[in-house]
Amino acid sequence: FDPFFSIVQGHPNAELRRAAEECLTEILRKSSRRGEFAKQINEAHKSITDSKIRESLQRLKTAAGG
């Protein structure tokens, strides 16, 4: 989770961020630790100002059930 999440939060390449988001969505879909990951996603969503990254984090929040 963490390596992909780091990419989503700040890698300069938008295509790589999107690929990492897709991987995270699958991880969240299959994980029994969604609640734990949702907390991390919520915290990041509060602190990120870039609108594209916030949109991505919002999609991940939805995938995590939040």
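Source: prediction; values computed, not measured. Because only heavy atoms are used, hydrogens play no part in the values below, and waters and symmetry mates are left out as well, while side chains stay in.
- Arg29 places no side-chain N or O within 3.5 Å of a backbone atom of Ala63 that could act as its donor or acceptor partner.
- Cluster membership check: Ile7 does not share its hydrophobic cluster with Phe5, using side-chain heavy-atom separations under 4.5 Å among Ile, Leu, Val, Met, Phe, Trp and Tyr.
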Practice task
Evaluate the criterion salt bridge (Lys or Arg N to Asp or Glu O under 4.0 Å) for residue pair Arg17 and Glu21; output intermediate values, then yes/no.
Solution key: CA-CA 6 Å; Arg17 284 195 317 267; Glu21 178 188 341; over 6 Å; no
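- Residue Asp2 holds its CG atom at 9.5 Å from CD of Gln9, rounded to the nearest 0.5 Å.
- Taking the salt bridge (charged side-chain N to carboxylate O under 4.0 Å, His left out) definition, one finds that Arg33 meets it with Glu36, sequence neighbours left out.
- Looking only at distances, a side-chain donor or acceptor of Thr62 sits under 3.5 Å from a matching main-chain atom of Gln58.
- In terms of heavy-atom proximity, Lys61 sits nearest to Asn42 at CE-OD1, 2.9 Å.
- The minimum heavy-atom distance linking Phe4 with Ala20 is given by the pair O-CB, 3.6 Å.
- In summary, of the residues considered (Leu28, Leu24, Val8), a side-chain contact (heavy atoms from CB on, under 4.5 Å) with Ile41 occurs for Leu28 alone.
- Between Leu60 and His45, every side-chain heavy-atom pair lies at or beyond the 4.5 Å cut-off.
- Atom CZ of residue Arg18 and atom SG of residue Cys23 lie 11.0 Å apart, to the nearest 0.5 angstrom.
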